[in-house]
Amino acid sequence: MLHFYNTLTRQQEHFTPGEIIRFYTCGPTVYDYAHIGNFRAYVFEDLLQRHLEARGNTVNRVMNLTDVDDKTIRGARREGMLLQEYTARYKKAFFEDCDALRLRPATSYPAATDPENIAAMIAMIQTLVEKGHAYQAEDHSVYFRIASFPRYGQLAHVDLDAQRSSKRIKNDEYTKEEIADFALWKAWNQEDDAASWESPWGPGRPGWHIECSAMATRLLGDTIDIHCGGVDNMFPHHEAEIAQCECVSGRTFARLWMHCAHLMVDGMKMAKSAGNFYTVRDLMKRSWSGREIRYVLLSVHYRMPLNFTMEGLEAARHSLYRIDEWIRRLEEFIQHAADSAPIIKKETCFTTLEDFFIALDDDLNISAALAVLFDVIRESHRLLDQEILSHNEAMALLDWWHRVDSILAITPDSHPKEIPKNVQQLVSLRYKARAAKNWIESDRLRDAIKAHGWIIKDTKNEQKLLPQESNS
RNA sequence: GGCGAGGUAGCCAAGUGGUAAGGCUGGGCUCUGCAAAAGCCCCAUUCGUCGGUUCGAUUCCGACCCUCGCCUCCA
């Protein structure tokens, strides 16, 4: 039974999936490399999708790409590039980073500037204007009339009347009926350069919120099952999406809203000025691998603030090695051990395997799920040590692991690195040295091999070579 | 000021009205010529503080302290 915390109701609710789960996730604004805070949200969404799929559901997930807004226009201008060229660069980078973090691709990645999306946005705005939910102001921009949608503020539990009287908000936009009214269509101005589309209200570009509303409903229908994002998108972005969609369709926009908490770095908000601002590629340059970054982002419950540190990455690395070693040992056991090992009662061991998935059913309780994994790892080592694990049981464990890893996606890359010739030579030299019990030479060669990026593990009758973790 | 999240061992982090999962670090041991990114074992009388309810609270209630986030376009 799936159970998720719904931001809308502030409660855990049963989630009953339909035939296809319609899932919308707010994607990046492609004006720069996405940072690990952004990716925390995407990893959380990936975990959710993978778990839903592991539970046998079909997920139709849409992630938008915001490729026109103030920042993209400014960036293109600064670099003297066309907007499309500029955003193409960061779209490409975004997908590279997604691959590095092993994010499952969404079903589609609509971009705001796709003609069919611009058309959908204009159609929505038109309907809103016709129904009296929107108006064109003196500056030629079109705004959503908050006063026409009493439920506005419901998701974030924001009381707009209180906001209105707040001193913090300066009424410096005189053209809007109310300060909180937000732009649906922004009239063109000089600084927009070529970022302009024709509309019934004159040339201009879409507002941010209408993008998501139009793309979500165009691709997934009026009512979607799950809508995710970071907490900071709750207000006003998601609030605005609800207002727009529900005023157009008259139906509930999203049944379930899920928001992940912020990521912090070294206990502080990540900021370029604080020098603690990381992109995925920054970390990979420092030789952290995608799966290590993924593990850190994955291993803290999504509704808890995540404190990202180098120590955390280090811990992730060691945890992953331990998992690697366990898989390696199981595989080796299956290969080498004939089915002569004594059969023990299967049922008495590993009764907790399903608990991994049951933990995730409970609002993605990843900590409890990982605890199951590590318990199983320890227990199977014990049984292997005692030589009472059966061949069949080892196969069953490996099978289980494949199901688990279809969610976690943390196995090392399946293509082992080619061992360079010079390293192979050093290894064979070391073999001879060891046969002659020349330990000084053996140790020297071990260091030499390590300098080439390979770690040696001596076992009873062979030298095992393992690549030091690098970008993978 | 308004709204919200959180304070559990050196660090990260689950959880429950009945006496504290898991990971990392550390210590011990096994293996090893020595090693190791190997394996096993051990490591919180205690869950921010102070009261209350209770046979019993880390878990429920109240107050207080601290940290963090959002409050109009930052995931």
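All values derive from a computational prediction rather than experimental measurement.
Counting only distance, with no hydrogens or angles, the side chain of A:Lys186 and the backbone of A:Arg205 share no donor-acceptor pair below 3.5 Å. No side-chain donor-acceptor contact under 3.5 Å links A:Trp185 to the backbone of A:Ser199. With hydrogens and angles ignored, the 3.5 Å screen pairs a side-chain donor or acceptor of A:Asn307 with a backbone N or O of A:Asp266. When atom types are taken as modelled, the side chain of A:Arg10 and the backbone of A:Thr7 share a donor-acceptor pair closer than 3.5 angstrom. Not one N or O on the side chain of A:Glu325 forms a donor-acceptor pair closer than 3.5 Å with the backbone of A:Arg322. Counting only distance, with no hydrogens or angles, the side chain of A:Glu13 and the backbone of A:Phe4 share no donor-acceptor pair below 3.5 Å.
Nucleotide B:C50: paired with B:G62 (Watson-Crick or G-U wobble, both distances less than 3.5 Å). Applying the Watson-Crick and G-U wobble criteria (two distances, each under 3.5 Å), B:A44 pairs with nothing in any strand. Nucleotide B:G33 has no partner under the Watson-Crick or G-U criteria, as no pair reaches both atom distances under 3.5 Å. The partner of B:G69 is B:C3, judged by Watson-Crick or G-U wobble contacts that both fall below 3.5 Å.
Taking atom C1' on both nucleotides, B:G17 is separated from B:C24 by 32 Å, rounded to a whole Å. Distance noted for atom C1' between B:U58 and B:C71: 33 Å (whole Å). Separating the P atom of B:G33 from that of B:A21 is a span of 38 Å, rounded to the nearest Å. Using atom C1' as the reference point in both B:C66 and B:C74, the two lie 26 Å apart (nearest Å). Distance noted for atom P between B:C70 and B:A63: 27 Å (whole Å). For B:U25 and B:A13, the C1' atoms lie 14 Å apart once the distance is rounded to whole Å. To the nearest whole angstrom, the two P atoms, one in B:G22 and one in B:A35, are 29 Å apart. Only the C1' atoms considered, B:G48 is 15 Å distant from B:A44, to the nearest whole Å.
Following rounding to the nearest Å, A:Asp67 (CG) and B:C73 (P) show an atom-to-atom distance of 20 Å. Regarding A:Leu383, its CG atom lies at a distance of 11 Å from the P atom of B:C40, rounded to whole Å. Distance, A:Glu239 CD to B:C3 C1': 12 Å, rounded to whole Å. Distance A:Arg303 CZ to B:A13 P: 15 Å, rounded to the nearest Å. Rounded to whole Å, the distance from CZ on A:Phe235 to C1' on B:G2 is 12 Å.
A:Leu373 comes within 4.0 angstrom of no nucleic acid atom, judged by non-hydrogen atoms across all strands. Across all strands, A:His237 comes closer than 4.0 Å to no nucleic acid atom at all (heavy-atom distances). Note on A:Met304: only backbone sugar-phosphate atoms sit closer than 4.0 angstrom, heavy atoms only; bases stay farther off. Counting any heavy atom pair closer than 4.0 Å across all strands shown, A:Gly312 reaches no nucleic acid atom. Heavy atoms of A:Lys186 sit under 4.0 angstrom from at least one base atom. Residue A:Glu311 is out of contact with every strand shown, counting any heavy-atom pair closer than 4.0 Å. Here A:Asp70 lies out of heavy-atom contact (under 4.0 Å) with every strand. Looking at heavy-atom distances under 4.0 Å, A:Ala371 makes contact with a base. Nucleic acid contact for A:Asp385: sugar-phosphate only, since backbone atoms but no base atoms lie under 4.0 Å from a heavy atom of the residue. Counting non-hydrogen atoms under 4.0 angstrom, A:His301 reaches the backbone sugars and phosphates but no base. Counting any heavy atom pair closer than 4.0 Å across all strands shown, A:Asp69 reaches no nucleic acid atom.
For A:Arg322, a side-chain nitrogen or oxygen approaches OP1 or OP2 of B:C24 to under 4.0 Å. Within the structure, every side-chain polar atom (N or O) of A:His318 is placed at least 4.0 Å from both OP1 and OP2 of B:G23. Applying the 4.0 Å criterion to OP1 and OP2 of B:G15, one finds that A:Asn365 has a side-chain N or O inside that range.
In this structure, of B:A14, B:G23, B:C74, it is B:C74 that holds the atom nearest to the side chain of A:Asp232. Taking the side chain of A:Trp208 as heavy atoms from C-beta on, and the options B:G39, B:C68, B:C73, the nearest nucleotide is B:C73. Among B:C40, B:G23, B:A13, the nucleotide with an atom closest to any side-chain atom of A:His381 is B:C40. Set against B:A21, B:A5, B:C12, the side chain of A:Pro305 has B:A5 as its closest nucleotide. For A:Ser367, taking side-chain heavy atoms from C-beta onward, the closest of the listed nucleotides B:G22, B:A13, B:A37 is B:A13.
Between A:Pro28 and A:Leu306, the residue anchored closer to the 5' end of RNA chain B is A:Leu306, taking for each the nucleotide with the nearest heavy atom. The residue among A:Phe182 and A:Arg382 whose nearest nucleotide of RNA chain B is located toward the 5' end is A:Arg382.
A:Tyr86 and A:Asp67 are not linked by any side-chain donor-acceptor pair at a separation below 3.5 angstrom, with hydrogens and angles left out of the test.
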Please table the atom pairs, donor to acceptor, closer than 3.5 Å between any side-chain atom in residues 25-33 of chain A and protein atoms at least two apart or in another chain.
residue	atom	partner	partner atom	Å
A:Thr25	OG1	A:Arg61	NH1	3.3
A:Thr25	OG1	A:Val62	O	3.2
A:Asp32	OD2	A:Lys272	NZ	3.3

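Relative orientation of the A:Trp257 and A:His238 rings is tilted, given thresholds of 30° and 60° on the angle between their planes. Note on ring orientation: taking the six-membered ring where Trp is involved, the planes of A:Phe308 and A:Tyr278 are tilted (angle from 30° to 60°).
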Might you list the N or O atoms of the protein lying below 3.5 Å from N or O atoms in nucleotides 29-36 of chain B, with each pair's distance?
residue	atom	partner	partner atom	Å
B:G33	O6	A:Arg434	NH1	2.6
B:G33	O6	A:Ser442	OG	3.3
B:G33	N1	A:Asp443	OD1	2.9
B:G33	N2	A:Asp443	OD2	2.8
B:C34	O2	A:Arg446	NH2	2.8
B:C34	N3	A:Arg446	NH1	3.0
B:C34	N3	A:Arg446	NH2	3.4
B:C34	N4	A:Asp458	OD2	3.0
B:A35	N6	A:Asp458	O	2.7
B:A35	N1	A:Asp458	N	2.8
B:A35	N3	A:Arg446	NH1	3.1

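With sequence neighbours excluded, the residues satisfying side-chain contact (heavy atoms from CB on, under 4.5 Å) with A:Leu465 are A:Ile419, A:Val423, A:Val427, A:Ile449, A:Trp454, A:Ile456.
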